[in-house]
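Each remark here refers to the structure printed beneath this line.
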Amino acid sequence: MKFTIAVHGAPYGSFANERALKFCQACVASGHEIVRVFFYHEAVLSGLNSTVPPQDEIDVTQAWADFADTHQTELAVCIANGIKRGVLSDTEQARYDKPSPTLAQPFELVGLGQLIDAMASSDRYVEFPA
Amino acid sequence: MKFTIAVHGAPYGSFANERALKFCQACVASGHEIVRVFFYHEAVLSGLNSTVPPQDEIDVTQAWADFADTHQTELAVCIANGIKRGVLSDTEQARYDKPSPTLAQPFELVGLGQLIDAMASSDRYVEFPA
Amino acid sequence: MKKMLVIFSTPPYQNSHTVEMLEAAMVGAVFDFQVSLLFRDQGVWCLQNEQNAVSLGRRTVGKVLQAMPAYDVSAIYACAPSVNAAHLDPSRLKPLPQLLEHSAQAILLAEQHFVLSA
Amino acid sequence: MKKMLVIFSTPPYQNSHTVEMLEAAMVGAVFDFQVSLLFRDQGVWCLQNEQNAVSLGRRTVGKVLQAMPAYDVSAIYACAPSVNAAHLDPSRLKPLPQLLEHSAQAILLAEQHFVLSA
Amino acid sequence: MALHLVYSIRGFSACHPRLQQEDVVVLLADGVYCAVNPTAADNTQNADLRVMTDDLEIRGLTTVSGKRIDYPDLVELCTQHTPIISWND
Amino acid sequence: MALHLVYSIRGFSACHPRLQQEDVVVLLADGVYCAVNPTAADNTQNADLRVMTDDLEIRGLTTVSGKRIDYPDLVELCTQHTPIISWND
């Protein structure tokens, strides 16, 4: 089956990312396809390239990057929710004349249409609240 | 009187910063002194230098910077809460080998001792939750 | 046509999620999803008339909501027991919702392809 | 000596605020504040024995809490009605809290210079 | 006497049983809904209640119980009370 | 039939009156406290309840009602139900 996954909770503030990662790992292990992971609300901060997690704790951004690398999964950060919270691609950093880009690889800033588009081609939508 | 102000809620996610700013403005207008504004939990993100608020909405980081400039107020971001959420001074960016510093001027990254120190020399402590 | 329901359970200025989820509802409608909104528990306060968030420097939820029909989000429901518990006069809510009892909400949920929560 | 009370009202893994506020309590004690902790409502679940957050990749609240006495945070209170409502056996909580009724909590609050809430 | 800053309806439920006689309660943010909700208001009859006008106006609320205050009034109340306790359940 | 993901005790209170007969309820995150709290458990007798073992162990909870599941089980339940609804009050 095809899944769209939405993450709503902040990294380090909430535990939404940790739960969503475990779900996604079980999902692909069972042979299902994740069409897109969409980061919304405070979860856009999971795509920030400057986080320094405490020693012995999970690095949420790196864990998502590793997952995406292994399974060719698209990590989509809502652009409207992202730029207001300070998550900027090279393009947005230049457009708004901010000091530096802050989006981690391989996250992408995309419009809300990409959430709806993923849902339209998925069998299931699972949301991970804060 | 001397006040220590603590802000706990995320900028753009919560309205804690907007309320704290209004309180601080009323506070100095009444002749009181704000020893330090301490940003904790998700409120550390108020010190991020890359936020792009929606048009016609308040720029929280700039509003704090303007307030601090007018009233010589210290804007203190908890370093432990800050670096895990991606708020890095030049020093921390270099220490952890991250792409770029992300702390806005005139915010400072400081230890929790600076919260307790401010409280010890204040008559009142007011907290602005998420 | 895919059916999408967005549920609001928090008061309008608890956090930014209410406005952000209304944006998701609008985009869903633009992409031809059949979009409904359900306001339950403290979320019914989103329908209170004459909100004004200018003094907060933020968008007014009531105004964003009133733009919904223009985006073809026309099915707006409110939980009847929640409206009663808040002592709100349903005839003064804006936009005017269809009131649903719990059992009707269960049926509404069952009809959806996708349910989002703010 | 300044008195500081930190109140916990959410379950231990709802967000990171519980651990972050315990850190503030420890630093308060290091700076010679007289620090107390009060667990109320769903915050009483912080005192549940044998927590283990390793599978989350995060710190275990119960372990951080048990280090508190070493930092001279020795006054640990729990709301008696909240412990009852959660059907917890108070003798099995860790660290063992002093149970306070609402009226005793009101007195505890009144004695403080500073009250922090997680 | 303490000053209680109540940020939500649930915050009021948490605050109310822990009040002392001379304490003052300020309803602000979503706490102002307690001032329009008669069920919550019943409990408030023993408490010395103030309501933030700014937060009422943001939410479109008009007919409410309790004495209305603004931010300068809140600062003044803070100078008159200690400790200051936030309730945000 | 719908799958209800309950993230908190209050989430269960919100979910419960809106259940249909064949629906399945998964208690996860702080929703697992409903499985140890007899007051909540009373209401759950009509519902087909599953409890995430991982979240029980994190919180130090042992004696609980409801059938225990892990993440692969949760994925399987998701494939069997639609829509999937999160309750996080």
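Naming: A, B, ... by sequence-line order, numbering from 1 per chain. Bear in mind that the values here come from a model prediction, so they are computed numbers and not experimental data.
We find the CH2-CG distance between C:Trp45 and E:Asp30 to be 10.5 Å, quoted to the nearest 0.5 Å. Atoms CG and CD1, on C:Asp41 and E:Ile9 in that order, are 10.5 Å from each other to the nearest 0.5 Å.
At a heavy-atom separation below 4.5 angstrom, chain E is approached by no residue within residues 93-118 of chain C.
Applying the 6.0 Å contact sphere to CD of E:Gln21 captures no more than 12 heavy atoms from other residues, nucleotides or ligands. Other residues, nucleotides and ligands contribute more than 12 heavy atoms inside 6.0 Å of the CZ atom of E:Arg68.
Here the closest non-hydrogen pair linking C:Gln48 and E:Arg59 is CG-O, 3.2 Å.
The candidate from C:Gln51, C:Arg58, C:Glu50 with the greatest count of non-hydrogen atom pairs under 4.5 Å with chain E is C:Gln51. Highest contact tally toward chain C, considering only E:Thr62, E:Leu61, E:Asp55, is held by E:Leu61 [criterion: heavy-atom pairs under 4.5 Å].
Interface residue C:Asn49: only backbone heavy atoms are found under 4.5 Å from chain E.
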